[in-house]
Amino acid sequence: AVALIGVADTIKDGSAAAVRALREMGLTVVMLTGDNAATAAAIGREAGIDRVLAGVLPGEKAAYVKQLQAEFSRDGREGRVGMVGDGINDAPALAQADVGFAIGTGTDVAMETADVTLMRGDLRSVPQAIHLSRATMRNIHQNLFWAFGYNVILIPIAAGVLAPFEWAPSFLRQLSPILAAGAMAFSSISVVTNALRLRGIRL
């Protein structure tokens with residue numbers, strides 16, 4: 001032989017690590033690709049992907065996402081279907097998914113359609129974004145709990161609900177406006193301080 005030319009699809013740097021991180025989070029990873037089954041299976045094995053759907057035409061991606069959504073509902077499992085894409089033909093699937101992740105280095109159409117745009121082309125940004133979103137939702141629930149707690153306790157006291165009870169401290173029986181203002185300020189400070197803890201999350 002005078003020459004030998006080999007052509008192969010290679011996975012992006014960090015893809016295997018991203019898949020591994022997603023699986024550690026308890027998520028099922030599915031690859032939609034237009035490649036033939038043999039090539040797709042090889043890439044899937046290399047990346048550690050749970051399930052590979054090969055031979056998917058560009059216009060069929062949204063239908064496959066809808067199929068996965070129905071599959072989750074049929075199995076009675078709670079969960080949502082997220083789609084990661086960067087091309088024009090990914091836009092319908094990104095719109096169909098419960099959460100669409102667009103790669104920042106991709107097309108404008110994908111970024112306009114998706115719910116989340118990742119600033120880097122590194123797929124490891126996907127588990128990082130999910131981790132950050134979960135931490136943010138926990139923080140929001142904590143802040144709502146403390147905000148409602150302050151109001152549920154202090155508004156009745158400010159309205160004089162403890163006034164008839166002699167065992168209650170005098171500053172609570174007739175709540176001073178200064179104390180009420182201080183309590184509400186402390187409520188705001190605690191909520192803001194708790195939200196600032198998100199800056200310390202390690203991604």
Side-chain angles (χ1 to χ4, degrees), residues 9-35 40 43-53 56 58 60-73 75 77-147 191-203:
D9 288 317
T10 58
I11 64 173
K12 296 178 66 173
D13 292 338
S15 296
V19 172
R20 185 165 57 252
L22 290 170
R23 295 183 66 177
E24 289 173 354
M25 297 171 77
L27 302 176
T28 300
V29 181
V30 180
M31 181 172 73
L32 295 178
T33 177
D35 288 335
I43 294 295
R45 282 193 302 271
E46 187 177 353
I49 294 174
D50 304 299
R51 184 174 169 189
V52 176
L53 300 176
V56 180
E60 296 176 342
K61 288 185 177 181
Y64 272 92
V65 170
K66 190 172 184 179
Q67 175 184 320
L68 290 171
Q69 290 170 323
E71 184 178 314
F72 272 105
S73 300
D75 292 346
R77 292 178 292 181
E78 293 184 4
R80 297 181 180 275
V81 175
M83 167 71 184
V84 183
D86 61 355
I88 295 175
N89 56 16
D90 292 326
L94 290 169
Q96 176 63 44
D98 295 295
V99 182
F101 295 87
I103 304 297
T105 55
T107 62
D108 291 340
V109 174
M111 289 187 281
E112 287 290 335
T113 307
D115 303 291
V116 179
T117 298
L118 306 172
M119 300 305 294
R120 295 177 289 136
D122 192 339
L123 287 177
R124 285 171 290 195
S125 299
V126 176
Q128 290 174 352
I130 295 173
H131 178 63
L132 180 60
S133 68
R134 288 177 174 178
T136 302
M137 289 305 300
R138 282 196 304 270
N139 197 284
I140 290 172
H141 293 155
Q142 293 165 0
N143 287 343
L144 286 173
F145 171 80
W146 286 110
V191 166
V192 172
T193 303
N194 188 44
L196 289 174
R197 291 192 309 111
L198 290 172
R199 293 169 60 91
I201 292 178
R202 297 181 60 184
L203 298 177

Ignoring hydrogens and geometry, is there a side-chain-to-backbone donor-acceptor pair from [X] to [Y] under 3.5 Å?
{"X": "Asp35", "Y": "Ala40", "answer": "no"}
{"X": "Asp86", "Y": "Ile103", "answer": "no"}
{"X": "Arg23", "Y": "Gly48", "answer": "yes"}
{"X": "Lys61", "Y": "Ala91", "answer": "no"}
{"X": "Ser15", "Y": "Ile11", "answer": "no"}
{"X": "Asp90", "Y": "Gly87", "answer": "yes"}
{"X": "Asp98", "Y": "Gly82", "answer": "no"}

Check: [Y] and [X] side chains under 4.5 Å, non-hydrogen atoms:
{"X": "Met25", "Y": "Ile130", "result": "yes"}
{"X": "Val99", "Y": "Val81", "result": "no"}
{"X": "Val126", "Y": "Leu22", "result": "yes"}
{"X": "Val30", "Y": "Ile49", "result": "no"}

Looking at [X], I want to see if its [atom1] is surrounded by more than 12 non-hydrogen atoms of other residues, nucleotides or ligands under 6.0 Å.
{"X": "Lys12", "atom1": "NZ", "value": "yes"}
{"X": "Asp50", "atom1": "CG", "value": "yes"}
{"X": "Leu132", "atom1": "CG", "value": "yes"}

Shortest non-hydrogen contact between [X] and [Y], atoms and distance:
{"X": "Glu46", "Y": "Ala16", "answer": "O-CB, 4.2 Å"}
{"X": "Gly121", "Y": "Thr105", "answer": "CA-OG1, 3.7 Å"}
{"X": "Ala110", "Y": "Leu94", "answer": "O-CD1, 3.7 Å"}
{"X": "Gly106", "Y": "Met111", "answer": "O-CE, 3.8 Å"}
{"X": "Asn139", "Y": "Ala195", "answer": "OD1-CA, 3.3 Å"}
{"X": "Gly104", "Y": "Thr117", "answer": "CA-CG2, 4.1 Å"}

Value rounded to 0.5 Å, distance of [atom1] in [X] from [atom2] in [Y]:
{"X": "His131", "Y": "Ser125", "atom1": "NE2", "atom2": "OG", "value": "13.5 Å"}
{"X": "Gln67", "Y": "Leu32", "atom1": "CD", "atom2": "CG", "value": "9.5 Å"}
{"X": "Leu53", "Y": "Glu60", "atom1": "CG", "atom2": "CD", "value": "11.0 Å"}

Exercise. Salt bridge or not for Glu71 and Arg51, using N-O below 4.0 Å?
Worked result: yes
Exercise. Under the side-chain hydrogen bond (donor to acceptor under 3.5 Å, both in side chains) criterion, do Gln128 and Arg120 qualify, and how do the steps go?
Worked result: CA-CA 12 Å; Gln128 290 174 352; Arg120 295 177 289 136; 2.9 Å; yes
Problem set entry | Gln96: partners by side chain to side chain donor-acceptor pair (under 3.5 Å), with sequence neighbours left out | Gln69
Seminar exercise, completed: The side chain to side chain donor-acceptor pair (under 3.5 Å) partners of Asn194 (sequence neighbours excluded) come to Gln142, Asn143, Arg197
